[in-house]
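In what follows, a structure is listed as structure tokens, so that the remarks can point back to it.
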Amino acid sequence: MKILDGRDKRSIAEAVTLLERGEIVAFPTETVYGLGAVAFNPMAVAKIFEVKRRPRFDPLIVHLDGADRLDDYVENVPPEAERLIEAFWPGPLTMIFRKRPVIPDIVTAGLPTVGIRVPSHPVALDLIATLKKPLAAPSANRFGYMSPTRVHHVARSFEERVPLVLDGGRARHGIESTIVSFRHDGVMVHRHGAVTVEELSQHVRVVEREKPSAACEAPGELPYHYSPMKPLRLVNGPGDVKAGNSSYLAFREPDRPCAAKHVKVLSPGGDLKEAASNFFSFLIELDRDDIDIIYAEKVPETGIGRAIMERLKKASGRHFGPSTGNR
Ligand code: TXA
Ligand code: MG
């Protein structure tokens, strides 16, 4: 895999040439790195599913460089969406709309709706603007694994299977976009992410989801998403960490010594935004061959802390969830 500096115009030109040819290219966004294909090219989009080993029923987000052509791709933009576009685009908010037929079914996994966002990372914007077409892109990781926030995470996951990744430095937010849809009674959050419920609530009425149904509307709500390879257990603090071959992902500076072999502190001072920006990269570092378990300290479920906890609960559910009977 070639790694090129995304701020260089020549790199953008090379990425565009590959994309036009039906190849896939990894690129930085302000949330996490994405793996892109021209959204109008079903064969190219199919490559994304193949390379990620992602099931075909899990739809992709379509990335635009601005909201001006949104009407070409979606049937209807509700007034709440207009307000959210004004407040959060470009930025880490994905909105689900009814799609027009120009968006191929493979992008949306056959759903009548499409998730759309305008990223704010200058390299992503430059790439889409130069391409002059929307970019279908999931996070640039193997299906089910953690999202990449650094260029080397992408390189390590895909090696020769992806021809090019544009380097845009570390992803600023470090956690994926918030995904919302529009209901008669308000705006519903499908995935907690970098835009917080508190921020959304300043502009629209946010309705809470009932318990996720078995037939999930967003397959990203699958319980095993965002997981490290090693089992992860949620704990209240360093006192709950058992001695042995373990890693400990602390939220703030531990107030006592910790028995784990490897320790990373998300934010020494307990700042949730800082914690989110370090979250995936620290968890990837702690997911090592020489340990048997990762202990992760719970974080407060306010602001972006909800997004962190959503991902930690899914990661712990994979090995310690009710379905395994192995709490
Ligand atoms: O921050 C992000 O959103 C990153 C960057 C690259 O933009 N992308 C990302 O994509 O996280 P991905 O594919 O890893 O997660 C997108 C989630 C999936 O879980 C998918 O199920 C959901 O969005 N999604 C996409 N289209 C949808 C739709 N029409 N209805 C419901 N959920 C949808
Ligand atoms: Mg993903």
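Counting starts at 1 for both ligands and their atoms, following the listed order.
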Between the main-chain N or O of [Y] and the side-chain N or O of [X], is there a donor-acceptor pair closer than 3.5 Å?
X      : Y      : value
Lys52  : Ser139 : yes
Asp287 : Met229 : yes
Arg7   : Gly168 : no
Asp167 : Gly6   : no

Ligand 1 atoms in contact with [X] (distance to a heavy atom under 4.0 Å):
X      : answer
Thr31  : 1 (O), 2 (C), 4 (C), 5 (C)
Ile179 : 17 (C), 22 (C), 23 (O)
Leu111 : 28 (C), 29 (N), 30 (N)
Val114 : 29 (N)
Gly115 : 26 (N), 29 (N)

Is it the side chain, the backbone, both or neither of [X] that has a heavy atom closer than 4.0 Å to ligand 1?
X      : answer
Thr113 : both
Glu30  : neither
His63  : side chain

For [X], is the nearest heavy atom under 4.0 Å from an atom of ligand 1?
X      : answer
Lys99  : no
Asp58  : yes
Arg191 : yes

Test of proximity, Thr94 against ligand 1: N or O pairs below 3.5 Å: no
Short N or O distance, Glu176 and ligand 1, threshold 3.5 Å exclusive: no
Qualifying residue, where the test is side-chain contact (heavy atoms from CB on, under 4.5 Å) with Phe88 and the options are Leu200, Val118, Thr178: Leu200
Glu208 bridged to Arg306 by N-O distance under 4.0 Å: yes
N-O pairing of Asp8 and Arg10 below 4.0 Å: yes
Short N/O/S contact of Ser139 with the Mg ion (ligand 2) (below 2.8 Å): yes
Pair Ser147-Arg311, side-chain donor/acceptor within less than 3.5 Å: no
Cationic tip of Arg100 above Tyr73 ring, under 6.0 Å, 45° of axis: no
Pi-cation contact, Phe282 with Lys264 (under 6.0 Å, within 45°): yes
Pick from [options]: the one approaching [atom] most closely through a non-hydrogen atom:
atom                    : options                        : value
atom 3 (O) of ligand 1  : Ser177, Ala171, Ala194, Pro119 : Ser177
atom 14 (O) of ligand 1 : Gly193, Ser139, Pro148         : Ser139
atom 20 (C) of ligand 1 : Pro59, Ser147, Gly34           : Pro59

Side-chain heavy atoms of Val204 within contact of Leu84, under 4.5 Å: yes
